[in-house]
**Q** 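Supplied in structure tokens, the structure appears directly below.
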Amino acid sequence: MFFRRQNNELEVLAPAKLNLFLEITGKRSDGFHELDMLMVPIALYDTLTFKLRRDDEITLSSCCAVGNKITLPAPVDNLVIRAVKLLQQRIATGSSSTTPGLDICLFKRIPAAAGLGGGSSDAAAALVAANYLWQAGLSTAELSELALQIGSDVPFFLSGSAARCTGRGELLTPLNIPAALDVVLIKPRIGLATADVFAEYATQQGIRVDERVAADNILDACASGRAPEIGKWLHNRLVDSALRLQPELQQLQAELLALGLPGVQMTGSGSTFYLICRHARQARNIAEKLSHRGHAAVFHTRTLSHRFLNIDPAQDAVSIEQPCVGLSP
Ligand code: C5P
């Protein structure tokens with residue numbers, strides 16, 4: 001994430017993510033699945049601003065980017081509000097004074113129900129911003145514990161880099177992908193809820209241990225930083241479940257595969273597909289072409305390379321990756 005302090009406001013850019021790899025390695029006793037994932041942040045951001053209030057109210061106002069028809073969930077379900085309230089409760093334990101409230105404004109560019117982690121990234125940004133503004137002094141490990149209570153992907157967004165994520169998704173090993181990849185995102189009009197896609201996966205027999213895909217090849221490819229290598233080893237165990245839930249997505253997948261690009265895959269539990277392109281020009285041309293096909297949104301963007309992000313609000317953004325180009329119909 002990136003921070004900008006202006007007068008008494010803190011502005012945070014919260015990035016989306018892509019899953020370059022997602023394998024299910026088991027079912028846990030808490031009902032969640034054991035995962036092995038490679039996640040990488042991308043230069044598509046929601047913007048959140050935080051301002052301290054005199055009273056202890058927490059307010060959230062929001063707006064959406066043009067063409068991004070996002071309906072935000074009611075405040076009680078909104079992950080930003082849940083994250084901030086969780087931190088507020090945590091601070092209140094063992095302290096007699098109350099924390100001041102916050103006015104939060106959320107500008108959404110990241111589509112929802114898309115597998116791009118937008119809500120999780122917003123929640124992570126809210127935890128870091130509130131921790132800073134309230135001078136609560138929680139460590140990243142402590143924030144991570146709270147983050148996991150909000151959602152399995154939220155701790156990843158506290159890490160500030162690409163990572164291999166295991167467990168529910170919260171056990172992180174940072175990953176250095178030396179070069180940024182030019183990608184095109186295609187968000188179909190159909191959205192998918194993560195819980196539904198995992199539930200669909202669970203109705204099937206599951207996979208045998210010998211059918212599991214190992215992360216070794218994509219890890220080697222990531223170390224090379226070469227798009228054709230990385231594209232060859234993309235994997236997502238949830239794609240078949242997503243396609244069973246929404247069979248119309250099969251045609252989109254077939255069309256994208258026919259483009260003959262280095263890589264095509266669905267991110268997370270969908271419904272967004274992404275294309276790994278050879279270079280920016282190719283990504284720009286393809287995004288332009290696909291933007292006329294009636295999808296909810298098409299973006300040309302890039303993966304964020306190592307150390308572009310920080311999770312320290314005391315440091316202003318030094319250099320922000322060129323924000324992505326959104327091409328909506
Ligand atoms: O943790 P999060 O709220 O993002 O998860 C949404 C749903 O996805 C969970 O309720 C669960 O059904 C499924 N899930 C899972 N195993 C994970 C992560 C998510 O089964 N590791």
Side-chain angles (χ1 to χ4, degrees), residues 14-42 46 70 72-87 106 108 110-127 143-159 163-173 187 190-207 209 212-215 235-246 249 265-272:
K17 59 85 180 165
L18 293 179
N19 290 82
L20 301 182
F21 181 88
L22 189 162
E23 184 56 291
I24 298 177
T25 53
K27 184 83 199 273
R28 301 155 53 109
S29 54
D30 59 8
F32 285 86
H33 291 83
E34 203 68 41
L35 302 177
D36 188 0
M37 303 186 285
L38 298 194
M39 301 220 278
V40 55
I42 55 175
D46 286 342
I70 296 170
L72 286 183
V76 64
D77 297 323
N78 190 286
L79 298 189
V80 169
I81 296 278
R82 280 180 49 204
V84 169
K85 293 213 158 150
L86 204 58
L87 180 62
L106 170 59
K108 287 282 316 161
I110 307 171
L116 291 166
S120 300
S121 186
D122 297 342
L127 283 175
L143 288 179
S144 252
E145 273 174 39
L146 297 184
L148 189 59
Q149 294 178 46
I150 306 292
S152 308
D153 284 349
V154 184
F156 163 74
F157 289 102
L158 293 173
S159 75
R164 183 176 188 180
C165 313
T166 54
R168 258 177 71 189
E170 84 285 18
L171 305 175
L172 307 175
T173 311
K187 166 66 179 64
I190 299 162
L192 283 166
T194 306
D196 294 347
V197 179
F198 273 103
E200 173 59 31
Y201 173 82
T203 62
Q204 304 295 307
Q205 290 294 323
I207 46 160
V209 174
R212 258 185 227 156
V213 176
H235 169 68
N236 188 341
R237 179 59 65 189
L238 288 174
V239 75
D240 290 347
S241 310
L243 295 179
R244 274 197 303 275
L245 277 181
Q246 295 290 355
L249 294 177
Q265 193 48 274
M266 191 185 81
T267 177
S269 54
S271 59
T272 304

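Just so you know, these numbers come straight off a predicted model, no measurement behind them. Order of appearance sets the numbers: ligands from 1, and atoms from 1 within every ligand.
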**Q** Which residue holds the protein heavy atom closest to atom 13 (C) of ligand 1, what is that atom called, and what is the gap in Å?
**A** F198 CD1, 3.3 Å
**Q** Determine whether the side chain, the backbone, both or neither of F32 has a heavy atom under 4.0 Å from any heavy atom of ligand 1.
**A** both
**Q** Considering distance alone, does some N or O of D153 sit under 3.5 Å from an N or O of ligand 1?
**A** no
**Q** Please name the pair of heavy atoms, one in M266 and one in A242, separated by the smallest distance, quoted to 0.1 Å.
**A** SD-CB, 3.6 Å
**Q** Which of the numbered atoms in ligand 1 are below 4.0 angstrom from a heavy atom of G151?
**A** 1 (O)
**Q** Between S152 and F32, does the side chain to side chain contact (heavy atoms under 4.5 Å, CB included) criterion hold? Intermediate values first, please.
**A** CA-CA 9 Å; S152 308; F32 285 86; 3.8 Å; yes
**Q** In the protein, what heavy atom is nearest to atom 6 (C) of ligand 1, and what distance, to one decimal place, separates them?
**A** T194 CG2, 4.0 Å
**Q** Which protein non-hydrogen atom lies closest to atom 1 (O) of ligand 1, naming both residue and atom, and how far is it?
**A** S152 OG, 2.6 Å
**Q** Quick one, L192 with S271, criterion side chain to side chain contact (heavy atoms under 4.5 Å, CB included). Give me CA distance, side-chain angles, the key distance, then yes/no.
**A** CA-CA 6 Å; L192 283 166; S271 59; 4.0 Å; yes
**Q** So which of M37, H33, E34 gets nearest to atom 15 (C) of ligand 1, if we judge by its closest heavy atom?
**A** H33
**Q** Walk me through whether I150 and L86 qualify under side chain to side chain contact (heavy atoms under 4.5 Å, CB included).
**A** CA-CA 9 Å; I150 306 292; L86 204 58; 3.7 Å; yes
**Q** Angle class for the H235/F21 ring planes (parallel below 30°, perpendicular above 60°, tilted otherwise)?
**A** tilted
**Q** May I have the step-by-step check of salt bridge (charged side-chain N to carboxylate O under 4.0 Å, His left out) for R212 and E23, ending in yes or no?
**A** CA-CA 7 Å; R212 258 185 227 156; E23 184 56 291; over 6 Å; no
